[in-house]
**Q** 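Below is a structure I'd like to ask you about.
Computed from a prediction, not measured in an experiment: that's the story for all the values here.
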Amino acid sequence: MAANLMPGRFRVFVLVVVLTGLASSISAQFRLFGPRKAAAPQPIRQASAYISRQEPLKVNQAVLKQATPDNTHIVVSPSKQRAYLMVGDDIVADGPISSGRRGHESPKGHFTVMEKDPNHHSSLYGDFVDSSGRVVRAGVSARIDSAPSGTHFAGAPMKWFLRLTGEGVGMHVGILPGYPASHGCIRESVDGAKLFYDNTKVGTPVFVAD
């Protein structure tokens, strides 16, 4: 009878050994890798962080010394997202831009600077603010949005503004995400917009094309 019990006891012994080994393996892996942690949410990047996607303003100091508002012209390339301040065929400055996005493409062709305004504000895009200047609704269009009660329209700042069209398209300081993102204007970096502004005049030729 003892002989008949041996196979059953042997099977139990083998099962215990296997389960013990499996438990040890799981325990070792748990100590090695630890419990799985939920992925930490990625922080939201500020819009200004995207400027680094584009090459910064490049200035040829030798040509800059020759530049005056009377001998410069501007070339804008929407496909390259760059603007060039030129003296003849020489590049004075090569700076990043953001032109008009789909549906609001920057107009192409030959223009001249119609107006210069160092502290221009948009008459069409901006925010609705209350009497204390607090923004109640941001990113609105004065043409299609209605101002909430007790608010008024405050146009978006367009510093170092060079007007190119009667409809308000121009070149000015703005956020540069690395792709066309404006409502039609040509946004520039702060240093680029100031350099272009200082070395042009009303009447300076501007060519927008690819």
**Q** Taking all non-hydrogen atoms of both residues, which atom of M158 and which atom of S122 are closest, and how far apart?
**A**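 The answer is CE-CB, 3.4 Å.
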**Q** Report yes or no: does R101 contribute a side-chain atom to a donor-acceptor pair with the main-chain N or O of P180 at less than 3.5 Å?
**A**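 Answer holds: no.
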**Q** With H104, which residues qualify under ring-ring contact (aromatic ring centres under 6.0 Å, His included), at least two apart?
**A**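 With sequence neighbours excluded, H104 shows a ring-ring contact (aromatic ring centres under 6.0 Å, His included) to H183, given in chain and number order.
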**Q** Flag the pair L176 / R187 as yes when at least one side-chain heavy-atom distance between them is below 4.5 Å, and no otherwise.
**A**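 With C-beta onward as the side chain, the pair touches.
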**Q** Donor-acceptor pairs under 3.5 Å, side chain of residues 57-67 to any protein atom, not counting sequence neighbours: which ones?
**A**
unit_1, atom_1, unit_2, atom_2, d
N60, OD1, A62, N, 3.1
N60, OD1, V63, N, 3.2

**Q** Please say yes or no: joined through hydrophobic side-chain contacts below 4.5 Å, possibly via intermediate residues, are Y197 and I91 part of one cluster?
**A**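 Each belongs to a different hydrophobic cluster.
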**Q** Taking distance alone, no hydrogens or angles, what donor-acceptor pairs closer than 3.5 Å link side-chain atoms of residues 201-210 to residues at least two apart or in another chain?
**A**
unit_1, atom_1, unit_2, atom_2, d
K201, NZ, D70, OD1, 2.8
T204, OG1, K201, N, 2.9
T204, OG1, K201, O, 3.0
D210, OD1, S77, OG, 3.2
D210, OD1, S79, N, 2.9
D210, OD1, S79, OG, 2.9
D210, OD2, K108, NZ, 3.3

**Q** With a 4.5 Å heavy-atom cut-off, do R163 and M171 have their side chains touching?
**A** no
**Q** Among the clusters formed by ILVMFWY side chains lying less than 4.5 Å apart, do V92 and V190 turn up in the same one?
**A**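 Same hydrophobic cluster.
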**Q** Would you indicate whether the side-chain heavy atoms of T112 and L164 approach each other to under 4.5 Å?
**A**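 Counting from C-beta outward, L164 and T112 never come under 4.5 Å.
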**Q** Ignoring hydrogens and geometry, is there a side-chain-to-backbone donor-acceptor pair from Q54 to I97 under 3.5 Å?
**A**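 Pair found, side chain donor or acceptor close to backbone of I97.
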**Q** Indicate yes or no: at least one non-hydrogen side-chain atom of P96 is less than 4.5 angstrom from one of P56.
**A**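 SC-SC contact between P96 and P56 ruled out.
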**Q** Is the terminal nitrogen or CZ of K116 (NZ for Lys, CZ for Arg) located under 6.0 angstrom from the six-membered ring centre of F161 and within 45° of that ring's axis?
**A** no
**Q** Are R137 and V135 side-chain neighbours, meaning at least one heavy-atom pair lies under 4.5 Å?
**A**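 Side-chain contact under 4.5 Å: no.
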**Q** Are V113 and I186 connected into the same hydrophobic cluster when the rule is that any two of I, L, V, M, F, W, Y join if their side-chain heavy atoms are below 4.5 Å apart?
**A**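 Cluster IDs for I186 and V113 match.
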**Q** Looking only at heavy atoms, which two atoms of L195 and L85 are closest? And how far apart?
**A** O-CD2, 4.3 Å
**Q** Return each pair, listed once, that meets side-chain hydrogen bond (donor to acceptor under 3.5 Å, both in side chains) where at least one residue sits in residues 143-159; pairs must be two or more places apart or across chains.
**A**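 Applying side-chain hydrogen bond (donor to acceptor under 3.5 Å, both in side chains) to every pair that reaches into residues 143-159, excluding sequence neighbours, yields N119-K159.
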**Q** Do Y84 and F196 land in one hydrophobic cluster if side-chain heavy atoms of ILVMFWY residues count as linked below 4.5 Å?
**A**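 No; F196 is not reachable from Y84 via cluster members.
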**Q** Where do G184 and S182 come nearest, in terms of heavy atoms and distance?
**A** N-OG, 3.0 Å
**Q** If you compare all heavy atoms of H73 against all heavy atoms of G88, which two are closest, and at what distance to 0.1 Å?
**A**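 Smallest interatomic distance, heavy atoms only, reads CE1-O, 3.0 Å.
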**Q** Indicate the ring-plane relationship of F128 and F153, choosing parallel, tilted or perpendicular according to the 30° and 60° boundaries.
**A** perpendicular
**Q** If you apply the rule side chain to side chain donor-acceptor pair (under 3.5 Å), what do you find for Q81 with S99, and how did you get there?
**A** CA-CA 7 Å; Q81 291 293 280; S99 56; 2.8 Å; yes
**Q** List the atom of C185, the atom of H172, and the distance in Å for their closest heavy-atom pair.
**A**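 Taking C185 first and H172 second, the nearest heavy atoms are CB-NE2, 3.3 Å.
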**Q** Excluding sequence neighbours, so at least two apart, what forms side-chain hydrogen bond (donor to acceptor under 3.5 Å, both in side chains) with K80?
**A**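 Once residues adjacent in sequence are excluded, K80 has no partner under the side-chain hydrogen bond (donor to acceptor under 3.5 Å, both in side chains) criterion.
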**Q** For D130, enumerate each residue passing the side chain to side chain contact (heavy atoms under 4.5 Å, CB included) test, keeping only those at least two apart in sequence or located in another chain.
**A**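 If we apply the side chain to side chain contact (heavy atoms under 4.5 Å, CB included) test to D130, skipping adjacent residues, the hits are S132, R134, V136.
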**Q** Looking at every heavy atom in both R102 and E105, which two are closest together, and how far apart are they?
**A** CA-OE2, 3.4 Å
**Q** Atom OG1 of T68 and atom CG of N199: how far apart are they, to the nearest 0.5 Å?
**A** 8.0 Å
**Q** Is any side-chain heavy atom of V169 closer than 4.5 Å to one of P107?
**A**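 Side chain of P107 against side chain of V169, heavy atoms only: contact under 4.5 Å found.
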